[in-house]
Amino acid sequence: MDKRSFLKKASLAGLLPFSVPTFLNASSGHLMSPRTWPSTSAQIGASPRVDFLPWKGSDDSFWEEVRSHYKLVHDFINLESGYYNIIPEPTLDGLKQNMSHVNLRGSHYMRTELDQDRHKIAKSLANFMGCPQENLIITRNTTESLDLVIAGYPWQKGDHVIYAMQDYGAMKVMFEQVSKRHELTQEIISVPNHPSSDEEIVALYESKITSQTKMIMVCHMINITGQILPVRKICDMAHSYGVEVLVDGAHCIGHFEFNIQDLNCDYYGSSLHKWLAAPLGNGLLYIDSKRIAQLWPLLADYEKDPNNILRLNHLGTHPAYITLGISDAINYLKWIGSKRKEERLNTLRLYWMEALKDTPGVVINTPFEASRACGIGNVGLINMTPSQMAQRLLNEHGIFTVAIDYANVKGCRITPNVFTTYQELDHFIGAVRTLAQA
Ligand SMILES: Cc1ncc(COP(=O)(O)O)c(C=O)c1O
């Protein structure tokens, strides 16, 4: 639903006492009205200062409104939204209300409402991601989703797997563990920071396939640079050899628009506390129908139908209100608009990358094309290490980032968010230019 129809619907339903968005919590039916709106007008960014950018000045008031939904710290500028996304006040209010509701109803909630709520939320998540509910489960994070597949796959001695040194550490160590346990062989490739074409990347993975290869793990977005990989083409190529593809989409859901089934992958894991801005501790796992029956669950379940994905989703007692927050996060993103958010994040990234690209001593580690990256970028300096750069950005310029110094990537990961202003980015650009001369 776009912003206008959302607001219209809400006001018709009598839900809109103010001009700020008010949300109905899908799971509890509670009205979520933002209580305390931060006074941030002094920090809200106006139009970008770089004149050549076509998007200059467009949409400013909308993003000011979005920023007003966040409570932000004043002691540093947060350019590290890559670890996880802080949540806007409407989602936070919903979380508090859900926590109170679960606490009030206690075991009665757990015994009579929880399963239905999880079912409803999985359904809305599946609708949002364009896949059947029968192929999706809610997990706690990407680590759980992907490790469930890696640990639960029916490996046989001598099987071969391919992944990249730029992949996430937790999955790499899980592959190391199953390799020891099942005597697998692993091929670890290196993805170039600036590929010349999709075909270059597809060929890289293809060149390592052997008759023993069972699985390729690939990042949809590499977390240390923000590079988006051509997952559909990699999956099509891999399937032509009978190889399955496990996609690490930790950073992708809620970040840019796509439909999971369009990727033609076998497995897709993501963390919803990243760009969907759901409460911390939410993830999803998509599994193609053909692959469900072959996996062993991490925690055994009472469900015995091998083709029922819920067999893989046994949790034990858990903080149910965290899961309920997924509905509020989807509502909030729908209010912003997925495409609008994607364009904004790409615009912010290109704003600082364009401004810095010709600065002597600056190395940009992320492709420029909008199809190869979105909100995350990486920049290094030739006169200092990434950790020195991150420390100086924080201590001398009040900018929080994270240093990356492995897998051919030397620089700081820069991750603005929907609340980031051009003034903040101008401050960051000035800081990097100063440090480049140090
Ligand atoms: C590419 C990638 N995969 C997996 C993960 C693990 O995510 P989580 O800690 O939410 O399980 C991360 C976390 O940053 C990541 O960047």
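We count ligands from 1, going down the list as the structure has it; atoms in each ligand are counted the same way. Predicted, not measured: the structure shown is a model, and the values here were computed from it. The first residue in the sequence is number 1, and the count goes up from there.
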Point to revise | Heteroatom proximity flag, His273 to ligand 1, N/O under 3.5 Å | key: yes
Check your understanding: For atom 14 (O) of ligand 1, what's the nearest protein heavy atom and its distance?
Key -> Lys274 NZ, 2.6 Å
**Study point:** Ring center gap for Phe62 and Trp335 short of 6.0 angstrom
**Key:** yes
Practice item. Check whether the side chains of Thr142 and Ser145 place a donor and an acceptor atom closer than 3.5 Å, and report yes or no. Key: no
Review point. Centres of the His101 and Tyr109 rings: under 6.0 Å?
Key: yes
Practice item. Sorted by first residue and then second, give each ring-ring contact (aromatic ring centres under 6.0 Å, His included) pair with at least one member in residues 220-239; sequence neighbours left out. Key: His220-Phe256, His220-Phe258, His220-Tyr268
Point to revise | Under the side-chain hydrogen bond (donor to acceptor under 3.5 Å, both in side chains) test, residues paired with His182 that sit two or more places apart | key: none
Study note, to complete from the structure: min-distance protein heavy atom vs atom 6 (C) of ligand 1 -> Tyr168 CE2, 3.3 Å
Practice item. Starting from atom 11 (O) of ligand 1, locate the nearest protein heavy atom and write down its residue, its atom name and how far away it is, to 0.1 Å. Key: Thr143 OG1, 2.5 Å
Practice item. Check whether NZ of the Lys or CZ of the Arg Arg291 lies under 6.0 Å from the centre of the six-membered ring of Tyr267 and within 45 degrees of that ring's axis. Key: no
Study note, to complete from the structure: For Asn141, the atoms of ligand 1 under 4.0 Å from one of its heavy atoms are 8 (P), 10 (O), 11 (O)
Study note, to complete from the structure: the protein heavy atom lying closest to atom 1 (C) of ligand 1 turns out to be Asp248 OD2, 3.3 Å
Check your understanding: In terms of residue, atom name and distance, what is the protein heavy atom nearest to atom 10 (O) of ligand 1?
Key -> Ser271 OG, 2.7 Å
**Study point:** Which segment of Thr142 sits under 4.0 Å of ligand 1 when only heavy atoms are counted
**Key:** both
Review point. Under 3.5 Å between some N or O of ligand 1 and some N or O of Glu144?
Key: no
Practice item. Using a strict cut-off of less than 4.0 Å between a Lys/Arg side-chain nitrogen and an Asp/Glu carboxylate oxygen, indicate whether Glu199 and Lys233 qualify as a salt bridge. Key: yes
